[in-house]
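Notes for the one structure printed next.
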Amino acid sequence: MNWTTKKQQAFQRDFLNWYQQNQRDLPWRHFHDPYHIWLSEIMLQQTQVHTVIPYYQRFLKAFPTIADLAATDEATLFKAWEGLGYYSRARNLQRAAQQICTDYQGVWPQTATELEKLAGIGPYTAAAIASIAFDAPEPAVDGNAYRVFARLLQIKADVAQPKTRGIFAAAIRPLLPTTGAGDFNQATMDLGATICTPKDPACLLCPVQQYCQAYQTGTQLDYPVKTKKPKPKPVHLAALVIGDPQQWLMQQRPGQGLLANLWTYPLVSAADLQSDENDKLPADWSALLTQYVAQTYQLDLNITPVKGRAVTHTFTHLKWTIDLYQAKLPAKTDLAFFPGQLVAAADYDQLAVPTVQKKLQQRFLKDSK
DNA sequence: TACGCGTGGAT
DNA sequence: TATCCAAGCGT
């Protein structure tokens with residue numbers, strides 16, 4: 001940082017004045033206690049404000065206090081998080097609630113270092129809570145901070161690399177006010193979300209334009225420097241809709257990994273159907289699936305394709321293409337070898353299901369008519 | 001360190 | 001349609 005003290009103070013003043021006049025009215029800004037701040041920060045990880053707001057409202061209604069959250073059962077917890085994604089956040093949220101209630105006797109630690117010991121709280125979230133709820137002078141370095149300060153100071157470090165966080169934290173720290181770092185951090189987020197946007201920044205409206213090195217050189221769009229990630233890997237699956245309109249088979253996914261503990265129709269991958277991945281599967285998997293459920297689940301079913309196009313669903317790292325298949329489930333079928341449950345239509349809404357399951361169900365309802 | 005981990009909006 | 005990206009964390 002080669003700015004003079006005078007320039008730093010002027011920047012701080014202009015930046016914070018802009019925030020006072022232009023800050024967004026967001027639900028969690030009506031509170032200053034750590035529970036509300038923490039909940040919002042966890043939900044906002046890699047998730048847009050617009051998406052979070054209804055979840056935040058519903059979640060607080062279901063769990064008004066951290067003690068309520070610590071004491072709830074996992075099914076209730078996941079139902080409240082259903083559709084928000086990155087489901088380990090929900091599990092870590094409850095784990096941290098239990099840590100606060102038991103290890104800390106309900107009293108929040110106030111330093112970033114201590115906060116980072118809680119489940120699901122990393123360097124960004126620790127700094128955000130410490131500064132917003134406890135007025136600690138910590139820089140909250142998130143995607144907005146990367147973009148805003150990379151442009152402002154022409155920092156060329158690759159923000160995709162973990163070690164870059166420290167470079168930005170060190171650059172921002174001298175700019176923080178002694179008190180009110182929480183406002184400074186939130187000003188950074190608001191500026192990044194509304195003015196200093198990735199694709200088409202509104203530099204002419206920027207309150208700190210005169211300090212921005214990228215603006216002065218017309219290089220806004222060159223920042224932040226970020227190496228791009230690989231494309232999602234394609235995976236081909238079959239979804240088995242087994243049952244009738246009143247009830248059907250559902251499976252809970254394993255406790256670790258993708259969509260952990262959420263419920264879906266039984267999903268069978270190409271890899272499940274054959275040991276040699278070099279063999280090419282037929283377009284119609286019906287015969288293979290019938291054989292598979294006979295061997296694996298001890299179920300004697302007549303599996304047929306559901307007419308209509310496949311469902312596609314893209315995750316950060318995977319692209320699923322899912323063909324739908326269906327079969328009637330004969331009365332009094334022995335389900336001892338099926339690792340799941342026969343779920344009545346009336347109970348279906350009790351299960352926490354991922355968005356891809358909602359797509360599958362919709363497609364089945366439409367195409368099976 | 002690199003990768004696994006969801007979803008929906010914007011372009 | 002394809003791609004990027006949004007208040008990241010855990011391992």
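Just so we're on the same page: letters track the sequence lines, and every chain starts at 1.
One can place OH of Y86(A) at 13 Å from P of dA7(C), the figure rounded to the nearest angstrom. We find that CZ of R91(A) is positioned 13 Å from P of dG10(C), with the value rounded to whole Å. Residue K319(A) contributes atom NZ, which lies 12 Å from atom C1' of dT3(C) at whole-angstrom precision. One can place CG of L118(A) at 13 Å from C1' of dC9(C), the figure rounded to the nearest angstrom. Following rounding to the nearest Å, K117(A) (NZ) and dC9(C) (P) show an atom-to-atom distance of 17 Å. Between D183(A) atom CG and dA7(C) atom P there is a gap of 18 Å when expressed in whole angstrom units. Across the protein-nucleic acid pair, K229(A) atom NZ and dA6(C) atom C1' stand 12 Å apart, rounded to whole Å. Following rounding to the nearest Å, N92(A) (CG) and dG10(C) (P) show an atom-to-atom distance of 6 Å.
With 3.5 Å as the limit, one finds no donor-acceptor pair spanning the side chains of N185(A) and T188(A).
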### Query
Is there a ring-ring contact (aromatic ring centres under 6.0 Å, His included) between F15(A) and F11(A) once you walk through the steps?
CA-CA 6 Å; F15(A) 195 31; F11(A) 168 81; 5.3 Å; yes
### Message
Test salt bridge (charged side-chain N to carboxylate O under 4.0 Å, His left out) on E82(A) and R58(A); report intermediate values, then the result.
### Response
CA-CA 11 Å; E82(A) 179 186 87; R58(A) 282 199 302 272; over 6 Å; no
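T47(A) comes within 4.0 angstrom of a nucleotide base, judged by non-hydrogen atoms across all strands. Base engagement by W28(A) is indicated by at least one non-hydrogen atom pair under 4.0 Å involving a base atom. When heavy atoms are screened at a 4.0 angstrom cut-off, V49(A) is found touching base atoms of the nucleic acid. Note on D200(A): nothing from the nucleic acid sits closer than 4.0 angstrom, heavy atoms only. Among the atoms of the strands shown, only primed sugar atoms or phosphate atoms (P, OP1, OP2) are found under 4.0 Å from some heavy atom of A119(A). Residue-level contact check: G83(A) touches the backbone only, with heavy atoms under 4.0 Å from sugar-phosphate atoms and none from bases. As judged by a 4.0 angstrom heavy-atom cut-off over every strand, I121(A) is placed among residues touching the sugar-phosphate backbone only. Heavy atoms of I37(A) sit nowhere under 4.0 angstrom from any nucleic acid atom. When heavy atoms are screened at a 4.0 angstrom cut-off, I42(A) is found touching no nucleic acid atom at all.
Minimum heavy-atom separation, Q8(A) to W3(A): NE2-O, 3.6 Å. The shortest non-hydrogen separation linking C203(A) to Q209(A) is O-NE2, 3.0 Å. When all heavy atoms of L301(A) and A327(A) are compared, the closest pair comes out as CB-CB, 4.1 Å.
The gap from the P atom of dC9(C) to that of dG8(B) amounts to 22 Å, rounded to the nearest Å. Rounded to whole Å, the C1' atom of dC5(C) lies 13 Å from the corresponding atom of dG6(B). dA7(C) and dG4(B) have their P atoms separated by 23 Å, with the value rounded to a whole Å. The separation of dG8(C) from dT1(B), taken at their C1' atoms, amounts to 16 Å, rounded to a whole angstrom.
OP1 or OP2 of dA6(C) has at least one side-chain nitrogen or oxygen of R147(A) nearer than 4.0 Å.
Nucleotides of DNA chain B lying under 4.0 Å from heavy atoms of chain A occupy a range whose first and last members, 5' to 3', are dT1(B) to dG9(B).
Hydrophobic clustering (side-chain heavy atoms under 4.5 Å, transitive across Ile, Leu, Val, Met, Phe, Trp, Tyr) keeps L289(A) apart from V241(A).
Nearer the 5' end of DNA chain C, as judged by each residue's closest nucleotide, is the contact made by M189(A), out of R95(A) and M189(A). DNA chain B is contacted by both K163(A) and L258(A); K163(A) maps to the nucleotide lying nearer its 5′ end (nearest heavy atom per residue). Taking for each of L44(A) and K228(A) the nucleotide of DNA chain C with the nearest heavy atom, the 5'-most of the two is the partner of K228(A). Between Q46(A) and Q161(A), the residue anchored nearer the 5' end of DNA chain B, judged by the nucleotide with its closest heavy atom, is Q161(A).
Out of dC4(C), dA7(C), dG8(C), the shortest distance to the side chain of T125(A) is found at dG8(C).
A donor-acceptor contact under 3.5 Å is not formed by the side chain of R89(A) with the base of dA7(C).
Residues L44(A) and V49(A) are in side-chain contact: their nearest non-hydrogen atoms beyond the backbone lie under 4.5 Å apart.
For R173(A), the salt bridge (Lys or Arg N to Asp or Glu O under 4.0 Å) partners at least two apart in sequence or on another chain are E138(A).
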